[in-house]
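One structure is given here, and the rest of the page talks about it.
What's counted below: heavy atoms across the whole structure, side chains too, no hydrogens, waters or symmetry copies. In what follows, residues are counted from 1 in the order of the sequence shown. Quantities reported herein were computed from a predicted structural model and do not represent experimental measurements.
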Amino acid sequence: MKASWPVLMLCATTTIGCVRAGDVEHKVPVADLMRAVVQISKGDVDVVGNGDSDEAVVEASWGGLGGGPLGVWTTGNTLNVDARCSGIALCGGDVRIALPDHLALEVVADAGDVRVDGLASRVQVALGAGDLDVTGSGGVDLAVGSGDVRVDVWERADVHVDL
């Protein structure tokens, strides 16, 4: 009987929704938005500029224990993407975002790689551990705890890096 107890507990937690996994996609109109804020505990973030599109597309492969659903919402002029873990924090996943070029971007990531490509606006990244790659931005403010950093921005962009 002791051997079946862990199996029963796993089935019970799966049945009540503690283990979540899956792919999600959100399309968000950006008419009044000026910036996007992405917060993630564990996983990779990939943000690409998509010209003067009238929507942002947020895709994620997300799941695990203690994760809850991926949060995507707007407040005022900000698009918020929340992929933080809570509780026992055995969750994570990858987030991919296509943003109109004019939106400023702020990413706060505990662990994982962050790649930003093709935004004309300012990019701010605070990364605990992981690799960071920023290409083609109107300026960057970066703080990285550990990992490799590669920055290739446009000619007149200013760059501030804290390592």
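Between the side chains of Thr78 and Arg35, at least one donor N or O lies within less than 3.5 Å of an accepting N or O.
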Which is it for Ser41 and Arg84 under the side chain to side chain contact (heavy atoms under 4.5 Å, CB included) test, yes or no, and what are the steps along the way?
CA-CA 5 Å; Ser41 295; Arg84 292 178 291 179; 3.6 Å; yes

Quick one, Val72 with Leu79, criterion side chain to side chain contact (heavy atoms under 4.5 Å, CB included). Give me CA distance, side-chain angles, the key distance, then yes/no.
CA-CA 7 Å; Val72 177; Leu79 167 64; 4.1 Å; yes

Determine, stepwise, if the pair Leu105 / Val38 fulfils side chain to side chain contact (heavy atoms under 4.5 Å, CB included).
CA-CA 8 Å; Leu105 173 67; Val38 179; 4.2 Å; yes

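The two residues Leu99 and Ala36 come nearest to each other via the heavy atoms CD1-CB, 3.8 Å. Here the shortest heavy-atom pairing between Pro100 and Val30 reads CG-CG2, 3.5 Å. The two atoms that bring Ala109 and Val114 nearest to each other are CB-CG2, 4.2 Å, heavy atoms only. The heavy-atom pair separating Ala83 from Val95 by the smallest distance is CB-CG2, 4.1 Å. Nearest heavy atom pair, residue Gly92 against residue Cys85, reads N-SG, 4.2 Å.
The line from CG of Asp101 to CG of Asn50 is 7.0 Å long, rounded to the nearest 0.5 Å. With rounding to the nearest 0.5 angstrom, the CD atom of Gln39 is 7.5 Å from the CD atom of Glu106. Between the CG atom in Asp131 and the CG atom in Asp113 there is a gap of 4.5 Å [rounded to 0.5 Å]. Expressed to the nearest 0.5 Å, how far CG of Asp23 lies from CG of Leu70 amounts to 11.0 Å.
Linking Ile, Leu, Val, Met, Phe, Trp and Tyr whenever their side-chain heavy atoms come within less than 4.5 Å puts Val116 and Val161 in one cluster. When the side chains of ILVMFWY residues are joined at heavy-atom separations under 4.5 Å, either directly or via intervening members, Val48 and Val134 end up in two distinct hydrophobic clusters. Cluster membership check: Val149 shares its hydrophobic cluster with Val125, using side-chain heavy-atom separations under 4.5 Å among Ile, Leu, Val, Met, Phe, Trp and Tyr. Linking Ile, Leu, Val, Met, Phe, Trp and Tyr whenever their side-chain heavy atoms come within less than 4.5 Å leaves Val108 and Val47 in two separate clusters. The same ILVMFWY cluster, assembled from side-chain heavy atoms under 4.5 Å apart, contains both Val24 and Val81.
The side-chain hydrogen bond (donor to acceptor under 3.5 Å, both in side chains) test applied to Asn77 returns no partner, not counting sequence neighbours.
Here the side chain of Thr135 pairs no donor or acceptor atom with the backbone of Asp152 at under 3.5 angstrom.
Partner of Gln124 under the side-chain contact (heavy atoms from CB on, under 4.5 Å) criterion, out of Val107, Val37, Asp141: Asp141 alone.
A salt bridge does not link Arg96 with Asp46: none of the charged nitrogens is closer than 4.0 Å to a carboxylate oxygen. Asp117 and Arg115 are joined by a salt bridge, as a carboxylate oxygen and a charged side-chain nitrogen come within less than 4.0 angstrom of each other.
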